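Right, one structure below, let's go through it.
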Amino acid sequence: MSDTTAIRISTSDPSFGPVKTPDFPWVRFDTGLTIHDEVLIEGQYLGGPWSAMGRPSSRQRLWESLSGKPASIYPQRQLQHAFQLNIDGQLLVDHWEWMEGSEVPCKIGGCRESLVKLRHTLRPVEVEVHTLLDGTPFMQRWLTIRNTGDRPAAVAQADPWSGLLFFRVEDYNHPINVEPVFEVGRFRTPDWGQEGEFAFEPVPQGGLVIESRFGSSGHRPPFFMVRSSITGETFAGSLAYPANWRLELLHDDNLKKIGNRTVTLDFRFGPAGPAPLYVMSPGESITTPRVHLGQSFGDLDTLIQRWHAHLRASVIPKQPEGRRHWVECNHTGYTGNAQMNEEGFLAEVETAAAVGCEMFLVDAGWFGDASGNWSVLMGDWSESALLPRGLQPVYDHARKLGMACGLWMAIENVGTSSKAAKEHPDWLMKRRGQTMHMLDLSRPDVAQHVEDTIARFVEKFRLDVYRIDGGTNSFGDGPESIRDGFVESGYWRYYDNLARVVENLQRRFPKLILQNCSGGGGRSDLAMLSRFHYTQLSDNWSPGPAIKIHNGISMYLAPEQCMTLLGAISAGVSDLDFLLRIGLFGHFCMSGAFPSMDLRNQQGLSRWGHHTDLYKRFVRPMLDTCRVFHHTPFLRHYEPGDWAVLEHASADGSRAYAGIWRLTAPGAGSCQFIPRGLARDRHYRVTFENSGTAVELSGHELSNCGIHLTGLAPMTSELLLFEAV
């Protein structure tokens with residue numbers, strides 16, 4: 001158990017000071033230098049102050065700031081409720097009573113978990129408030145809600161975490177005017193193929209709302225940062241929920257105190273959709289999605305590295321033993337997901353082996369009839385008429401050449417011409433009388449069918465990898481059902497059932513590698529990523545957009561989960577090394593080096609082999625623990641851009657590598673690269689991959705003066721390797 005975390009729960013005043021405060025329940029969380037307090041005062045469960053400097057509050061100070069003051073004098077208390085729960089149309093922010101508070105055993109090693117039980121005095125509802133600490137500045141929060149009554153209870157809103165982020169009283173009689181007071185960082189566009197464009201913008205007076213309404217967590221993941229220009233602190237947070245979500249920020253600096261200006265920023269974060277989100281039967285308990293939230297001082301790189309440390313401690317699943325970051329070939333490169341015959345598949349297998357791949361994955365187009373329109377036959381999952389012997393010879397050949405085998409299935413989707421749609425119309429999503437061609441996983445029997453289907457193919461082909469695609473990212477409000485007189489939105493049940501399907505598969509096939517995709521980056525939320533080893537960042541594989549997408553998304557996701565497909569499937573052009581070097585900064589996945597070995601380009605074969613070898617010997621050993629430095633964090637899709645620069649450094653500073661990509665903006669092809677992840681007191685052998693030359697330089701010299709690069713034309717790149725000597 002980490003010695004950097006602590007949970008303190010008390011209900012009485014220890015009387016350390018001369019003034020005794022009334023008894024009230026108080027919970028304090030310490031994780032690293034981050035401290036947060038929550039209290040139950042006068043029937044309200046409230047979030048107290050946050051500190052990223054290890055400065056705790058006292059019981060007396062919490063009482064003085066949160067108790068007994070009329071809303072006309074102290075209105076911000078009304079915004080400090082630590083969660084938001086609306087049942088049967090009533091927002092339950094008052095009339096809570098304390099049942100118990102304790103630290104409970106945590107299922108994640110090295111973490112601590114607190115449990116606070118509250119009972120509502122007017123409605124038959126109990127809530128468990130769970131908070132998990134892992135030693136990083138970030139915490140997880142979720143609620144377990146129980147209907148203790150004898151009637152159904154309709155959950156209209158359930159925000160697991162809400163309340164005060166920033167509270168600031170000016171330190172001066174004449175306030176220092178800093179504008180903007182708060183800035184929010186977020187992914188700017190929700191559109192397919194434009195993932196990763198991250199930027200900060202002012203939080204306007206009154207605040208703003210950011211949300212997904214397409215049916216999934218979306219191509220704009222539920223992730224945000226908020227930084228204060230006054231204090232220098234930054235919050236980062238994310239919602240682990242694969243369906244629609246909503247983040248609300250309220251910025252108010254009109255609150256007055258005598259002689260000072262008070263500036264606040266409040267938030268609420270949770271699942272969204274038509275109410276009710278869930279109808280609870282009498283005695284039923286449900287668990288909300290998790291909110292990940294924390295606070296830190298420091299620059300953007302520091303925050304991102306701490307966030308990645310949190311993901312590695314509490315979210316990212318461990319790689320199956322002996323299957324860590326295999327170099328992959330996804331077969332779709334030259335076929336564009338068109339249906340394939342056996343000869344074409346075998347040619348793809350041989351090409352993959354020749355460039356050093358260790359895993360061969362069959363993507364879309366392996367099923368259906370001879371028409372070539374496989375998408376209308378999803379749900380039947382029968383091998384194509386073009387494969388009279390099925391997929392088994394393809395997998396046999398791959399294994400003969402030393403590769404593991406995987407299979408793609410958009411298991412949730414049902415084609416319009418499929419037997420599944422005709423034989424089981426009751427299995428399909430329905431909303432407002434319309435049928436959507438998606439399996440309705442809110443039904444347990446449909447979820448069981450999905451699990452059984454995946455398991456059947458894993459066993460049939462002895463699969464090493466299963467890849468999910470499709471999903472709900474174009475289905476808006478999603479399924480509905482009539483339940484106890486309510487029209488219930490089906491997404492909560494849908495994703496609870498999908499999570500159980502994946503967890504059951506993990507237990508049944510513990511060595512199975514699981515990959516996530518949803519039309520590219522349509523569901524890269526932390527609920528999916530806590531159950532899948534890799535995620536595809538986008539369906540836009542063109543080199544220029546691909547490096548921008550990877551650059552942005554790796555501010556949110558740790559690089560070992562990030563996958564960009566490289567190769568012929570790309571529509572754009574660049575120098576070959578420009579493209580291949582993107583793969584070194586995540587999970588290396590080829591998609592079509594050449595149509596076959598007979599049609600290979602010999603120099604191209606050499607470059608592919610060089611990069612897969614470099615990945616295996618230099619990148620793979622450090623990928624799971626590396627520190628990521630974003631030298632160009634804010635790249636716009638519809639601007640040409642000058643440079644994209646990423647650096648990965650080992651945790652101990654003994655090794656690093658940096659990619660420098662020249663984009664298409666006009667100008668000189670020279671730049672000064674100053675590495676950030678090296679130790680000043682060491683010496684390094686620096687290899688310039690373009691020329692193959694190497695020099696030895698001190699870490700101090702590199703950190704001060706850097707490396708001057710010249711002669712890079714648009715859509716070319718340089719790769720620098722640093723090794724301590």
Side-chain angles (χ1 to χ4, degrees), residues 1-11 14 16 25-40 45-59 61-62 82-83 98 100-118 128-144 160-165 223 225 233-240 269 287-298 302-318 526-527 529-530 558 624-625 627 651:
M1 185 165 295
S2 173
D3 58 1
T4 63
T5 60
I7 296 170
R8 298 171 172 85
I9 302 173
S10 65
T11 56
F16 291 138
W26 174 24
V27 185
R28 176 177 146 184
F29 308 106
D30 293 56
T31 181
L33 285 173
T34 298
I35 298 176
H36 178 54
D37 301 281
E38 292 178 346
V39 299
L40 181 66
Y45 192 68
L46 306 172
W50 289 79
S51 172
M53 60 184 294
R55 183 166 67 184
S57 295
S58 66
R59 174 181 287 273
R61 189 169 183 177
L62 288 167
F83 60 86
W98 184 266
E100 66 173 281
S102 62
E103 184 173 345
V104 297
C106 184
K107 295 179 181 179
I108 301 175
C111 296
R112 308 178 84 128
E113 181 181 331
S114 78
L115 170 63
V116 169
K117 291 186 179 181
L118 304 173
E128 295 180 355
V129 183
H130 296 262
T131 310
L132 187 145
L133 287 64
D134 62 14
T136 72
F138 298 94
M139 312 178 199
Q140 294 183 53
R141 162 63 53 81
W142 68 98
L143 310 176
T144 299
W161 218 337
S162 61
L164 184 70
L165 291 179
F223 174 71
M225 299 181 189
E233 299 158 291
T234 303
F235 277 91
S238 189
L239 179 70
F269 203 7
T287 300
T288 69
R290 298 186 179 204
V291 169
H292 299 247
L293 184 66
Q295 181 188 30
S296 178
F297 283 101
T302 299
L303 180 72
I304 291 169
Q305 289 161 22
R306 289 172 176 171
W307 174 257
H308 287 173
H310 167 66
L311 299 183
R312 288 163 171 165
S314 304
V315 177
I316 299 174
K318 292 187 182 300
L526 299 188
L529 269 293
S530 68
D624 288 335
T625 56
R627 296 167 293 148

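Please read all numbers here as calculations on a predicted model, not as lab measurements.
The shortest heavy-atom contact between A240 and H292 is CB-NE2, 4.2 Å. Counting all heavy atoms, side chain and backbone alike, C106 lies closest to L132 at SG-CD1, 3.4 Å. Residues W161 and Q140 approach most closely at CZ3-C, 4.3 Å, considering heavy atoms. Shortest non-hydrogen contact noted between Q295 and A52 is OE1-N, 3.4 Å. The two residues P289 and L239 come nearest to each other via the heavy atoms CB-CD1, 4.1 Å.
The shortest distance between side-chain heavy atoms of V104 and S102 falls below 4.5 Å. Two residues are said to be in side-chain contact when any heavy atoms from C-beta on lie closer than 4.5 Å; F269 and P160 fail this criterion. Counting only heavy atoms from C-beta outward, the side chains of V27 and V116 approach each other to under 4.5 Å. Contact check for V291 versus M139: no side-chain heavy atoms found under the 4.5 Å cut-off. Residues E113 and L115 have side chains not in contact (no heavy-atom distance under 4.5 Å, counting atoms from C-beta outward). Side-chain contact check for Y45 versus V39: every heavy-atom pair is 4.5 Å or farther apart. By the 4.5 Å heavy-atom criterion applied to side chains, W26 and L62 are counted as neighbours.
In this structure, the ring of F83 has its center no less than 6.0 angstrom from the ring center of W142.
Relative orientation of the W50 and H36 rings is parallel, given thresholds of 30° and 60° on the angle between their planes. The aromatic rings of F223 and W307 are tilted relative to each other, their planes meeting at an angle between 30° and 60°.
The CG atom of L133 lies 8.5 Å from the SG atom of C111; values are rounded to the nearest 0.5 Å. The CG atom of D134 sits 8.0 Å away from atom OG1 of T4, with the distance rounded to the nearest 0.5 Å. Here OG1 of T31 is found 10.5 Å from CZ of R112. Values are rounded to the nearest 0.5 Å. In this structure, OG1 on T131 lies 10.5 Å from CG on L293, to the nearest 0.5 angstrom. The distance from the CD1 atom of I316 to the NE2 atom of H308 is 8.0 Å, given to the nearest 0.5 Å. Rounding to the nearest 0.5 Å places CZ of R28 at 12.0 Å from CD1 of I7.
Side-chain N or O atoms of R141 include one that pairs as donor or acceptor with a backbone N or O of H130 at under 3.5 Å. No donor-acceptor distance shorter than 3.5 angstrom exists from the side chain of S296 to the backbone of L303, with no hydrogens or angles considered. Checking side-chain atoms of S314 against main-chain N and O of L311 turns up no donor-acceptor pair under 3.5 Å. Counting only distance, with no hydrogens or angles, the side chain of T136 and the backbone of R306 share no donor-acceptor pair below 3.5 Å. When atom types are taken as modelled, the side chain of S58 and the backbone of R61 share a donor-acceptor pair closer than 3.5 angstrom.
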Intermediate values then yes/no, side chain to side chain contact (heavy atoms under 4.5 Å, CB included), F297 and M53: CA-CA 8 Å; F297 283 101; M53 60 184 294; 4.0 Å; yes
Stepwise side chain to side chain contact (heavy atoms under 4.5 Å, CB included) check, M225 with I304: CA-CA 10 Å; M225 299 181 189; I304 291 169; 4.1 Å; yes
L118 and L40: CA distance, side-chain angles, deciding distance, side chain to side chain contact (heavy atoms under 4.5 Å, CB included) verdict: CA-CA 9 Å; L118 304 173; L40 181 66; 4.3 Å; yes
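Judged purely by distance below 3.5 Å, without hydrogens or angles, the side chains of Q305 and R627 never pair a donor atom with an acceptor atom. Between the side chains of S10 and R59, at least one donor N or O lies within less than 3.5 Å of an accepting N or O.
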